[in-house]
Structure formats: structure tokens, C-alpha cells
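Structure record follows, encoded as C-alpha cells.
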Amino acid sequence: MNITTWNVNSLKVRLPQVLEWLDRENPDILCLQETKVPDDQFPVVPFQEKGYQPIFSGQPTYNGVAILSKQPANQVENAFPSWEDVHRRFLSAVIGGVRIVNIYVPNGQDLDSPKFPYKLEWLSQLQTYMKQFNAERDPVLLLGDFNIVSGDLDTWDPEGMKDQIFLSEPERSRLQSFFDLGYRDLFRMKHPDLREFSWWDYRMGSFHRNHGLRIDLILASKPLAARCEWVQIGREARKNERPSDHAPVTACFTE
DNA sequence: ATGACCTTGTATCAAGGA
């Protein structure tokens, strides 16, 4: 089984690239973030024609998440049960016996921004949601755009970003809480020493200079981590004409 | 350099992103 997470930064603009990418890569599940598509405008038919069943939770202009899968999605949730979010950033479903939790974590902007406490609250709500699963036994994947840099290997500029947004202690301790529950960061598990990124700023020739961050993560519970064969960041997609600023990240599991 | 680039919605610019 292959599963990919990809922040596409507008599904309307990126739809041809996503369809072409599906033809080439043929994953079983594709989790999207920043679709920026209201539900009544989601491009259901093009994905169905490729053999994928879409579920989605969108809004105009900002945010929006979707899951495309060859197998049907069950037990779909598009919001935290106990907390009303103002944004569409969360989509959870059981597909092929695996609980898939697709997230688009708030950016936070700056440590002194009013958006920063919202980011921390959002992560705390996610932590509460994830506690219902047993990471030691249940097959669960928590994946998406985390907007958090896990460690110094995950940024091109660890010194410049030290204690700043994405690397601050409250953000990293909330990411750590998922590791404490038993989840593994599959890319880091497979590549303990690799400095590879999944996002590059559109500005300043960042991609060309490889000034990037690894913020798109696939976290797996114990039984799934044990079945993980490989993890790959598809940086080729960042070379497309009109690319997303994020690259797709794919994990492959044995059956 | 409080910038740079890209997307959206509205409007001919501002907000948001990371």
C-alpha cells in the first residue's frame, strides 16, 4: 500500500498536475491540504475517472483538506468531536482497515501573533483526538502539513530559525506528544541522517538554493511503522510549471 | 530589507501563506 500527503496550494490551479501525478505514481491513497475549494466545487468526476473516491472538507479561499482513495472511506469525520474549529483543516477516515488522519496545521505566523495561540490550541485538540487510538496496536496514520520543524536536520537554517515560529518549544513539544503516544516519523525512521525538505519558499530562489523545510510528515502507529518499506519526498514535482510550494511525500507499506 | 512569490477574492490592492 502506498499513501501520499501533498499540500497542493489550490487544487483548482494544481488539478492537472495532480491528475498527471496520479497516472504516474498510482498511490492507493492521496491526502491533500490547502485545496482552497468549497465542497460544492470539488472536482469529484476527474478523480472518479481515475478510480479514486474522494472525500473532502473545504471552504472558500483558504484551507481545505481531501482524501482520495481506491477503497471506500468509512467512519468519516471532518471536525474534532469536542471543539468547533473555524477552519477546515481536519479529515479523518478508515480506509482499508487503517485510520487515516489528514491534517493541515495552522501556520501561526509569529510567536507574538494572535494566530500562534490558535495553532497551539489546534495541536492540543488534535492530541486529544489522537488519544482515542492505541498507537501500540491500532493501524493509524497521522499525516499532512504539520507546519512544525521537528529537528535541526529538517531546516536549511537551524541557527536563523532557532526558537522562532515552526521551531519554538511549545510547537515542538506538541509534536513530541505524538511521538510519546508511540507514533514514528516515517521519513526520519528510514533516513536518520538525511537533510531533505518538503517545502521551499516561492521567493528568493529558495528551491534552486535548496533553502527549504521538512514540514510535511507521515506519522505511523507501531504496527504500521513496522510494515513501512520506504519513504520518499517527490521533489521533482517542485520543478513543474506553476508548482505547489510543497512536494508530495509518499510512504509504502507491505501488505 | 517590515522585501522578494503565489493564490484568492475583490478590485485594480490586501490577506495569508511558511
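Side chains included, hydrogens not; waters and symmetry mates left out as well; all remaining heavy atoms used. All chains are named by letter (A, B, ...) in the order of the sequence lines, taking the proteins before the strands, and each is independently numbered beginning at 1.
- Using a 4.0 Å cutoff on non-hydrogen atoms, the parts of residues 197-208 of chain A near DNA chain B are A:Trp199, A:Tyr202, A:Arg203, A:Met204, ordered by number.
- The distance between atom CG of A:Asn63 and atom C1' of B:dT7, rounded to the nearest whole Å, is 13 Å.
- Regarding contacts with the backbone of B:dG17, every side-chain N or O of A:Lys36 stays at 4.0 angstrom or more from both OP1 and OP2.
- Distances shown here put every side-chain N or O of A:Thr61 at or beyond 4.0 Å from the OP1 or OP2 atom of B:dA15.
- Between A:Asp245 atom CG and B:dC6 atom P there is a gap of 10 Å when expressed in whole angstrom units.
- Think of A:Val149 as one node in a network of Ile, Leu, Val, Met, Phe, Trp and Tyr side chains linked at under 4.5 Å; its network also takes in A:Leu111, A:Phe116, A:Leu120, A:Trp156, A:Met161, A:Ile165, A:Phe166, A:Leu167, A:Phe197, A:Trp199, A:Trp200, A:Phe207, A:Leu213, A:Ile215.
- Distance CZ (A:Arg88) to P (B:dG16): 19 Å, rounded to an integer number of Å.
- One distance of note links CD1 of A:Ile148 with CG of A:Leu217; it measures 8.0 Å at 0.5 Å rounding.
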For nucleotides 11-13 of chain B, print each protein N/O atom paired with a nucleotide N/O atom at under 3.5 Å, atom names and distance only.
none

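- In this structure, the nucleotide among B:dG16, B:dT8, B:dG9 sitting nearest to the side chain of A:Ser10 is B:dT8.
- A:Glu34 comes within 4.0 angstrom of the backbone, heavy atoms only, and of no base.
- Between the P atom of B:dT2 and the CD atom of A:Gln164 lies a distance of 13 Å, rounded to the nearest Å.
- Applying the under-4.5 Å side-chain rule to Ile, Leu, Val, Met, Phe, Trp and Tyr, the cluster around A:Val13 consists of that residue alone.
- The interatomic distance linking A:Phe166 (CZ) with B:dG17 (C1') rounds to 8 Å, in whole Å.
- A:Lys239 and A:Glu236 are joined by a salt bridge, as a carboxylate oxygen and a charged side-chain nitrogen come within less than 4.0 angstrom of each other.
- B:dT10 sits 12 Å from B:dA15 when the C1' atoms are compared, rounded to a whole Å.
- Side-chain nitrogen and oxygen atoms of A:Arg242 include at least one within less than 4.0 Å of the OP1 or OP2 phosphate oxygen of B:dT7.
- A:Asp185 has a carboxylate O that lies under 4.0 Å from a charged side-chain N of A:Arg214, or vice versa, which qualifies the two as a salt bridge.
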Residues 248-255 of chain A side chain polar contacts: donor-acceptor under 3.5 Å, at least two apart:
from     : atom 1 : to       : atom 2 : distance (Å)
A:Thr250 : OG1    : A:Thr4   : OG1    : 2.7
A:Thr254 : OG1    : A:Arg227 : O      : 3.4
A:Glu255 : OE2    : A:Met1   : N      : 2.5

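- Rounded to whole angstrom, the span from the NZ atom of A:Lys12 across to the C1' atom of B:dT8 amounts to 9 Å.
- Side-chain contact, A:Tyr52 with A:Asp28: no donor N or O sits under 3.5 Å from an acceptor N or O.
- Backbone-only engagement by A:Ile215 is indicated by non-hydrogen atom pairs under 4.0 Å involving sugar-phosphate atoms exclusively.
- Proximity note for A:Tyr104 (side chain, C-beta onward) versus B:dT7, B:dA15, B:dG17: the nearest is B:dG17.
- A salt bridge links A:Lys50 with A:Asp23: at least one charged nitrogen is closer than 4.0 Å to a carboxylate oxygen.
- One P atom belongs to B:dG16, the other to B:dA1, and the distance between them is 26 Å to the nearest Å.
- Take A:Glu136 and apply the side chain to side chain contact (heavy atoms under 4.5 Å, CB included) test, not counting sequence neighbours, and it matches A:Asn134, A:Lys222.
- Using atom C1' as the reference point in both B:dT2 and B:dT12, the two lie 24 Å apart (nearest Å).
- Between A:Lys119 and A:Glu171 a salt bridge is recorded (basic side-chain N to carboxylate O distance below 4.0 Å).
- Within 4.0 Å of A:His211, counting heavy atoms only, lies no atom of the nucleic acid at all.
- Taking atom CD of residue A:Gln33 and atom C1' of nucleotide B:dG16, one finds them 17 Å apart after rounding to whole Å.
- Place A:Arg89 and A:Pro243 on DNA chain B by their nearest nucleotides, and A:Pro243 ends up nearer the 5' end.
- Atom CZ in A:Phe116 sits about 14 Å away from atom P in B:dG17, given to the nearest Å.
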